[in-house]
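What follows is a set of notes on a single structure, which appears directly below.
Just so we're on the same page: letters track the sequence lines, and every chain starts at 1. Computed from a prediction, not measured in an experiment: that's the story for all the values here.
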2 protein chains.
Amino acid sequence: MPLTSYPGVVTRQSYHHGDLRRALLTAAADAIADSGVTALSMRDLARRAGVSHAAPAHHFADKAGLLTALATDGFERLTKALATSRLASNSLLELGVTYLRFALANRATFEVMFRTDLYHADDPELLAARRQAADALYAGMTDLPDAPLAGPSTTGPARPAKEGTAELVSDDVREAGLAAWSMVHGFATLWLSGAFPDSAQEDPVQAARQILGRVRQLGG
Amino acid sequence: MPLTSYPGVVTRQSYHHGDLRRALLTAAADAIADSGVTALSMRDLARRAGVSHAAPAHHFADKAGLLTALATDGFERLTKALATSRLASNSLLELGVTYLRFALANRATFEVMFRTDLYHADDPELLAARRQAADALYAGMTDLPDAPLAGPSTTGPARPAKEGTAELVSDDVREAGLAAWSMVHGFATLWLSGAFPDSAQEDPVQAARQILGRVRQLGG
DNA sequence: CAGGATAACTAGTCAGTGGCAAGATTCGGG
DNA sequence: CCCGAATCTTGCCACTGACTAGTTATCCTG
């Protein structure tokens, strides 16, 4: 019986796993969520998936490669969430709330996304995904009610798009966006790390809404 | 010749190192700064210090123990820096700048400080140091020019000090502090991780000053 | 000024990990 | 149908963190 079982894992019947790549990614997110990235082990992920310890190497070049894929997937999902939020509310404050919600709901992935020493930071797919997330973030500013350059969202690929992401927005709006991004990102990070004295009691989304409202041009 | 040399390390003459604990901590900070925490190796630190691979165990229980000490030292130095800043400028905005300057100047230590999965988060010394840093942060708010409860800094040990740190300040000032802390922490984190599109060009302190000025009750 | 307790360090060992190589099994396009 | 390619397995190696036992220096007490 070469196919050893693992608690909580359905013993695989066929020689091929079927969707090992996805299984490893979700297993990694789970493992990180309750044990931290430091304790993450490739071999443990393989055991959870019910495959041999060398199987993951065929889907990810190395450990950093797996985390690169995890981070890339995270940026892509964040982009989608931000785009959805922008369509729904047209508010930069709500965009920040969406950002926080994503961080809270995807704790493990979020932590990996912003720890560049964990993955291959020069991976083209990752860079593209991160770029898109930043674009989705800055794109929300052009639609701000009080944004000077507010206009229809031109997110088509025909856009020139030089190196700096958002050259269409004014410096003022850009600065407000930087402020909001920094604030909500810091809040999420500090909250997740338990740095706030009484983080267990309050509602994070509520608190984030309050402090985001203190950013000029976001207040309402 | 049992005492093997190491590039950049003065070969030790006596059997005892003298100040191995400090040497390991500084070596750790250096190693993390240019290779990341993930690549940090106890044995490598021992080699850098010119001692055997088991020597560090006498000063730190385990790897997490060393990082606990590093984080504790970081919180203590941050506390000192914040206190100094408060005496100098009496401005919450400048307090934030000091926070950022500390993060930039102590990149490796700063990263460790807010990654609780890396060290023993329940260590009493660490908790005390972190608490003091939070106190130093919130203490600055009581001295704010426009703070409702501004008064002489009562940092004596005679203070009751329940679990929540700063019960003396009003909710409004407390919220402004939370906003500023989140913002400057997020800015530092994003900057250090290279998340900003053009982080290499601009001056981080200058940018931080601008966005901190957008927090209501902090602006000029 | 002993001399025993103690702190600091060394050497050896072990399980676990990441990564590599070579072989086995299955799938899929000609 | 069959051969190439993708997937997975077994085996191996260097390295790491942690543990144990033994060695050397220091300190402190009588």
Hey, mind stepping through A/Thr38 and B/Asp117 against side chain to side chain donor-acceptor pair (under 3.5 Å) and telling me if it holds? CA-CA 7 Å; A/Thr38 312; B/Asp117 62 305; 3.2 Å; yes
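- Residues of residues 28-41 of chain A having a heavy atom closer than 4.0 Å to DNA chain C, listed by number: A/Leu40, A/Ser41.
- Put simply, the side chain of B/Val215 reaches to within 4.5 Å of the side chain of A/Met183, judged on heavy atoms.
- The distance from atom OH of B/Tyr119 to atom C1' of D/dG17 is 21 Å, rounded to the nearest whole Å.
- In terms of the ring pair (Phe, Tyr, Trp, His ring centres under 6.0 Å) criterion, A/Tyr119 has no residue partners (sequence neighbours excluded).
- OP1 and OP2 of C/dT10 both lie 4.0 Å or more from every side-chain N or O belonging to B/Arg47.
- To the nearest angstrom, C1' of D/dG11 lies 7 Å from NE2 of A/His53.
- Of the residues near DNA chain D, A/Ala55 and B/Ala64, the one whose nearest nucleotide (by heavy atom distance) lies more toward the 5' end is A/Ala55.
- For the pair B/Asp19 CG and D/dA25 P, the interatomic distance rounds to 19 Å; values are reported in whole Å.
- Between B/Phe187 and A/Trp181, the gap from one ring centroid to the other reaches at least 6.0 Å.
- Going from atom CG of B/Leu92 over to atom OH of B/Tyr99 covers 12.5 Å, rounded to the nearest 0.5 Å.
- Computed from coordinates, the A/Asp44 CG to C/dG18 C1' distance equals 14 Å when rounded to whole Å.
- Protein atom CZ of B/Arg43 is 17 Å distant from nucleotide atom P of C/dC9, rounded to whole Å.
- If you take CZ of A/Phe60 and P of C/dG18, they are 14 Å apart, rounded to a whole angstrom.
- Summarising the geometry, the separation between NZ on A/Lys63 and P on C/dG19 is reported as 8 Å, rounded to the nearest angstrom.
- Among the atoms of the strands shown, only primed sugar atoms or phosphate atoms (P, OP1, OP2) are found under 4.0 Å from some heavy atom of B/His59.
- Regarding A/Met42, its CE atom lies at a distance of 15 Å from the C1' atom of C/dC20, rounded to whole Å.
- Scored by the side-chain hydrogen bond (donor to acceptor under 3.5 Å, both in side chains) test, A/Arg77 finds A/Asp73, A/Asn106 as partners (sequence neighbours excluded).
- Residue A/His58 places no side-chain N or O under 4.0 Å from the OP1 or OP2 atom of D/dC8.
- Taken from CE in A/Met42 to NE2 in A/His53, the straight-line distance is 13.5 Å, to the nearest 0.5 Å.
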